[in-house]
Amino acid sequence: MQVCRNSLQGLDHRFLPRGSIIKMKAVTNCNQSGRLAYSRTEISDVPVLSYSEAIEKLKSFREKLKGKQQFLAMYSSIFGGITTDPAAMVIPMDDHMVHRGHGVFDTTTIMDGYLYELDQHLERFLRSASMAKINPPFDRGSIQRILIQTVSASKCRNGSLRYWLSAGPGDFELSPSGCHQPGLYAIVIQNLSPINFRGVRVVTSSVPIKPPQFATTKSVNYLPNVLSKMEAEEVGAFVGIWLDGDGFVAEGPSMNVAFVSKEKELIMPQSDKILSGCTAKRVLTLAECLVREGKLRGIRMKNVTLEEGKNADEMMLLGSGILVRPVVQWDEQIIGCGKEGLITQTLLNLVIEDMKSALPTVGTPVPY
């Protein structure tokens, strides 16, 4: 790693109290290809802040950040309520979810003022908590009411609701025996990016896949997922695709995979070794109408080899964050004709229609 430049350019002095900095320099490092790797500021003296000063710094920090997402409301069982101030959307450092990864989470889409498949996501959420040996602080009905009220307070009608159960705060030990009580957190996110149907390229991930015991639990231990995503982005791809220990197609870092074979069958890999996707399950149900219409010859869950996947007519990624996203290239192999597939487009339309239908089986209304 080489140092490309050494200056104070870009340093935000709002975060540096007067007299607190004896020596500082902004250092930008570049990798061997010359691409910007990261920037850092070297500080030789650190100020001690009062509570009010720290809160003010948090507010300034949040005001400075501009991203593709806005955080509209957060519930925390630590302070037992909902806040709409992004600066207050924090959790304790001694929460075992932070320093030991002992926590689980799930995400539910908000569409036109309805929570899409909240019951299905809650079921998986609580199942993951049980597998992680986390005893929720409230019963299921109370958790559901908390989540709905958090969305209501946010006034968000289109976005997502993400929620966590943790072993809770208490200490920095390995065992959660010192935690006072489990923590429940929820945050409403408004994504400013529209749904994208543009075909993407994927690569076979070299990052080891999680063992089935951990892959089937939706925990916060996402380091392999993050590294797989980064590995793909480094070569200009969207995501990496995992193969299981037997060499069969498994899943992406935060989504399931499905194929349309040359025989016009919708095929999805077996889910006994990977996370059971709520969106993927719903797609299987919605696809039944395509079988009745003759657009598909059948629907199957089976072990899919790498060769079968790459030689499919269509390939798609399925997940609550992307819904249905077509894949047009896997490694060096063009999928089908190299364009977004008709069945994939039809399935995306079916999912969107399903989300907007507000059917009691899939939609939970939010009282604003």
Side-chain angles (χ1 to χ4, degrees), residues 1-5 10 27-40 64-71 101 105-107 109 159-160 162 187 189-210 214-215 218-244 247 249-259 269 274-275 277 279-280 304 306 309-310 312 314-336 338-341 344 348:
M1 197 73 75
Q2 61 180 339
V3 178
C4 295
R5 58 189 173 92
V27 179
T28 301
N29 280 9
C30 296
N31 56 27
Q32 292 181 349
S33 65
R35 294 175 58 188
L36 180 66
Y38 62 89
S39 294
R40 68 174 184 263
K64 180 186 176 186
L65 293 181
K66 302 295 181 184
K68 296 179 180 179
Q69 296 181 334
Q70 293 179 347
F71 312 133
F105 78 102
D106 219 301
T107 306
T109 299
S160 61
R162 186 163 296 180
I187 191 163
I189 305 165
Q190 188 166 54
N191 198 327
L192 304 180
S193 301
I195 296 173
N196 194 338
F197 184 69
R198 188 172 166 185
V200 296
R201 181 167 73 92
V202 299
V203 293
T204 304
S205 180
S206 69
V207 178
I209 190 173
K210 297 176 185 176
F214 300 109
K218 197 169 178 65
S219 76
V220 298
N221 294 297
Y222 257 46
L223 182 57
N225 310 61
V226 171
L227 293 178
S228 178
K229 174 70 169 173
M230 293 176 68
E231 177 186 54
E233 290 178 340
E234 286 167 0
V235 294
F238 183 60
V239 294
I241 302 298
W242 272 315
L243 306 181
D244 66 20
V249 179
E251 60 182 344
S254 62
M255 65 282 291
N256 293 99
V257 185
F259 305 91
I274 59 176
L275 186 69
T279 303
V304 180
L306 181 62
K310 289 186 174 182
E314 297 182 34
M315 178 178 177
M316 66 197 80
L317 305 173
L318 310 169
S320 59
I322 57 172
L323 301 184
V324 181
R325 189 78 186 263
V327 175
V328 296
Q329 183 177 338
W330 187 351
D331 292 331
E332 302 306 318
Q333 176 73 43
I334 299 298
I335 304 297
K339 296 181 180 180
E340 295 83 356
T344 305
L348 174 62

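With values rounded to the nearest 0.5 angstrom, M316 atom CE is found 8.5 Å from F197 atom CZ. Once rounded to the nearest 0.5 Å, the distance linking CD1 of I335 with CD of Q329 reads 8.5 Å. Note that CG of N191 and OG1 of T109 are 10.5 Å apart. Values are rounded to the nearest 0.5 Å. The line from CZ of F71 to CD of Q190 is 11.5 Å long, rounded to the nearest 0.5 Å. For the atom pair CD of Q333 and CZ of R201, the computed distance is 13.0 Å after rounding to the nearest 0.5 Å. With values rounded to the nearest 0.5 angstrom, I274 atom CD1 is found 8.5 Å from D244 atom CG.
A side-chain donor-acceptor contact under 3.5 Å links E340 to the backbone of G199. Under the 3.5 Å distance criterion, the side-chain polar atoms of R325 are matched with a main-chain donor or acceptor of R198. When atom types are taken as modelled, the side chain of W242 and the backbone of N225 share no donor-acceptor pair closer than 3.5 angstrom. Remark: the backbone N or O of S320 is paired with a side-chain donor or acceptor of T279 at under 3.5 angstrom.
A search for salt bridge (Lys or Arg N to Asp or Glu O under 4.0 Å) contacts involving K218 returns nothing, not counting sequence neighbours. Under the rule for a salt bridge (Lys or Arg N to Asp or Glu O under 4.0 Å), K210 has no partner lying at least two apart in sequence or in another chain. Residues meeting the ring pair (Phe, Tyr, Trp, His ring centres under 6.0 Å) test with Y222, sequence neighbours left out: F105. Residues that satisfy the side-chain contact (heavy atoms from CB on, under 4.5 Å) test with A280, not counting sequence neighbours, are N256, M268, L318. Annotation: side-chain contact (heavy atoms from CB on, under 4.5 Å) contacts of I241 (sequence neighbours excluded): V202, V239, V249, V257, M315, L317, W330.
Between L243 and I209 there is no side-chain heavy-atom pair separated by less than 4.5 Å.
Across every non-hydrogen atom of S205 and S228, the tightest pair is OG-OG, 3.0 Å.
The list of salt bridge (charged side-chain N to carboxylate O under 4.0 Å, His left out) pairs with a residue in residues 222-231, not counting sequence neighbours, reads K229-E233.
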